[in-house]
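Because only heavy atoms are used, hydrogens play no part in the values below, and waters and symmetry mates are left out as well, while side chains stay in. The model shown is predicted, which means the values in this text are computed figures rather than measured ones. Order of appearance sets the numbers: ligands from 1, and atoms from 1 within every ligand.
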Amino acid sequence: MPWNDAFECMPVEELQRFQLEKLKETVGWVAERIPFYRKKFAEMGVTAESITSLEDAAKLPMTQKTDLRDNYPFGLCAVPLKEVVRVHASSGTTGKPITGPYTAGDLDQWSECMARNLWAAGVRKEDILQNAYGYGLFTGGLGFHQGAAPIGCTVVPTSSGLTERQITIMKDFGTTVLCCTPSYALTIAERARELKVDTRSLALRVGVFGAEPWTTQMRQEIEERTGIKAQEAYGLTELGGPGVAFDCEAQDGLHINEDHFLAEIVDPHTLEPVPLGEKGELLFTALQRRAMPMIRYRTKDITQLRRDKCACGRTFIKMDKVFGRTDDMLIISGVNVFPSQIEALLLDIEEVEPQYRLLVRKKGYLDQLVIQVEGKKEIYQAGREKRFEVEGKISAHIKGNMGIGVEVELVEAKAIARSEGKALRVVDERPKQLR
Ligand code: DLL
């Protein structure tokens with residue numbers, strides 16, 4: 001049962017007509033108000049009138065993180081600051097954050113998009129929702145907070161961190177829904193076990209996790225460890241935060257809020273559109289945002305789109321779980337490697353915990369991948385020989401599946417820093433000039 005079936009279950013043709021109308025409106029809106037886009041449109045000879053089909057979106061220029069950085073803080077804002085009622089931000093790669101301004105109307109849309117996400121995860125008025133996404137400039141905290149408001153459930157805004165207190169509150173308040181990153185969900189589950197709190201005996205029944213890549217195997221691991229259903233949220237600051245896409249009870253891909261976001265997949269090298277169903281880089285155009293609508297924003301996230309019939313009745317196109325980011329791709333012995341592939345293979349190994357780190361080092365001229373993974377307590381304590389055997393088993397499993405040689409270091413429990421937000425999975429130890 002959707003939150004807003006008029007849109008979420010709209011026949012595809014009608015939905016696409018709506019998207020086209022909003023696309024033209026947005027192109028006109030930014031052309032009139034943002035010099036950056038006006039100049040680009042003029043250079044490429046496009047106007048709102050020249051867009052006559054959704055395929056024509058391919059004629060429009062793309063926007064990327066560097067454009068936001070070059071126009072920091074509000075150069076890409078289409079409205080005067082007096083119309084802006086809130087600004088969120090995410091850390092950029094150069095020290096200056098990426099800004100996300102909202103008009104009052106943008107905030108209303110965001111609440112609705114997030115309400116759809118939570119509703120699809122099964123959140124209802126009777127629920128007690130513990131929101132352990134960070135509150136502040138990060139869009140996770142307030143995004144989920146606002147999405148819960150239209151549903152009317154009880155929000156407990158714990159923010160991230162103070163893990164023991166999260167568990168106490170979960171127990172004492174009878175939390176039924178936990179919202180946080182998947183890696184923080186694991187951290188909470190682990191701490192609960194240490195405190196002898198069985199999360200299965202609590203009222204907790206569903207989690208809405210996102211903000212970082214996680215594999216289907218990791219979802220299963222979390223569901224098994226906690227006894228809850230792990231649902232997903234996807235989004236990014238540049239498009240207003242979470243609420244861009246979400247999964248339903250079918251847990252079979254993420255429905256994109258298509259009345260608000262036009263999704264495309266392009267080949268990350270040629271930047272040409274790829275046929276539906278092929279993997280590539282995901283682009284989004286915001287169709288209704290007014291403070292800072294993005295045109296064909298390059299997310300760097302790799303996935304594929306599917307428009308198959310979903311058991312839930314929603315007609316919104318689906319994106320598969322994010323496979324990785326173009327900027328996280330490692331090239332080991334000439335093979336493209338995504339951390340998610342390693343994660344999935346590590347989770348096949350029963351002797352290890354789902355806590356790992358990938359170190360990229362230089363060995364001579366070659367890149368070398370070192371996988372540090374925590375051994376289960378009894379395995380680690382069984383001595384060097386056992387550790388050696390498990391390390392060999394893991395490297396053979398990876399070699400057999402991916403064809404690359406890696407070094408595996410089984411480390412002891414808790415050797416890998418626990419995440420309270422987005423986990424740091426890859427540490428690049430190569431000298432800067434050799435990356
Ligand atoms: O992470 C917004 C968010 C908050 C999403 C809470 C979901 C829940 P940023 O900090 O700007 O925004 O990071 C955006 O995080 O381009 C993806 O690479 C990654 N990401 C977000 N959600 C998912 C997900 C928020 N479900 C970047 N799966 C995006 C994989 C995700 N990656």
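- Of the N or O atoms in Ala233, one or more lie within a sub-3.5 Å distance of an N or O in ligand 1.
- You'll find the side chain of Val27 stays beyond 4.5 Å of the side chain of Tyr37, heavy atoms only.
- Nearest protein neighbour of atom 24 (C) of ligand 1, counting heavy atoms only, is Glu232 OE2, 3.5 Å.
- Tyr133 CE2, 3.5 Å is the protein heavy atom nearest to atom 6 (C) of ligand 1.
- In this model, a donor atom of one side chain and an acceptor atom of the other lie less than 3.5 Å apart for Gln231 and Gln251.
- The heavy atom nearest to atom 15 (O) of ligand 1, considering only Arg298, Lys422, Met114, Lys321, is found in Lys422.
- Atom 16 (O) of ligand 1 has its closest protein heavy atom at Asp301 OD2, 2.7 Å.
- Proximity to Val322 (heavy-atom distance under 4.0 Å) selects the following atoms of ligand 1: 30 (C).
- Residue contacts with ligand 1 for Thr139 involve side-chain atoms from C-beta outward but no N, CA, C or O (heavy atoms, distance under 4.0 Å).
- Residue Gly140 approaches ligand 1 through these ligand atoms, each under 4.0 Å from one of its heavy atoms: 4 (C), 6 (C).
- Between Arg357 and the choices Gln372, Glu374, Arg425, the side chain to side chain contact (heavy atoms under 4.5 Å, CB included) rule is met once, by Gln372.
- Ring to ring, Phe7 and His260 are not that close: their centroids are 6.0 angstrom or more apart.
- In terms of protein heavy atoms, atom 11 (O) of ligand 1 is closest to Thr237 OG1, 2.5 Å.
- Looking at atom 25 (C) of ligand 1, its nearest protein heavy atom turns out to be Gly235 O, 3.5 Å.
- Looking at Arg116, Arg219, Lys318 one by one, the single match for salt bridge (Lys or Arg N to Asp or Glu O under 4.0 Å) with Asp247 turns out to be Arg219.
- Taking the side chain as every heavy atom from C-beta outward, Val30 and Phe41 approach each other to under 4.5 Å.
- For ligand 1 and Tyr234, the ligand atoms under 4.0 Å from any heavy atom of the residue are 22 (N), 23 (C), 24 (C), 26 (N), 31 (C).
- Taking 4.0 Å as the cut-off, Phe209 does not count as a neighbour of ligand 1 on heavy-atom distance.
- Atom numbering of ligand 1 starts at 1 in the shown order; those under 4.0 Å from a heavy atom of Pro213 are 30 (C), 32 (N).
- The closest protein non-hydrogen atom to atom 22 (N) of ligand 1 is Ala211 N, 3.1 Å.
- Thr326 and Glu281 are not linked by any side-chain donor-acceptor pair at a separation below 3.5 angstrom, with hydrogens and angles left out of the test.
- Counting heavy atoms from C-beta on, the side chains of Asp127 and Arg205 come closer than 4.5 Å.
- Compare Glu238, Glu212, Lys65 by their heavy atoms: the one nearest to atom 31 (C) of ligand 1 is in Glu212.
- Here the rule is side chain to side chain contact (heavy atoms under 4.5 Å, CB included) with Thr139, and of Leu236, Leu239, Thr237 only Thr237 fits it.
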When you look at Gln166 and Thr158, which way does the side-chain hydrogen bond (donor to acceptor under 3.5 Å, both in side chains) test go after all the steps?
CA-CA 7 Å; Gln166 301 275 0; Thr158 49; 3.0 Å; yes
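- For the pair Met44 and Pro61, the tightest heavy-atom approach, listed with the atom from each and the gap, is SD-CB, 3.4 Å.
- Which parts of ligand 1 touch Phe144 is read off a 4.0 Å heavy-atom cut-off, strictly below it: atoms 6 (C), 8 (C).
- The distance from ligand 1 to the heavy atoms of Arg325 drops below 4.0 Å at these ligand atoms: 16 (O), 18 (O).
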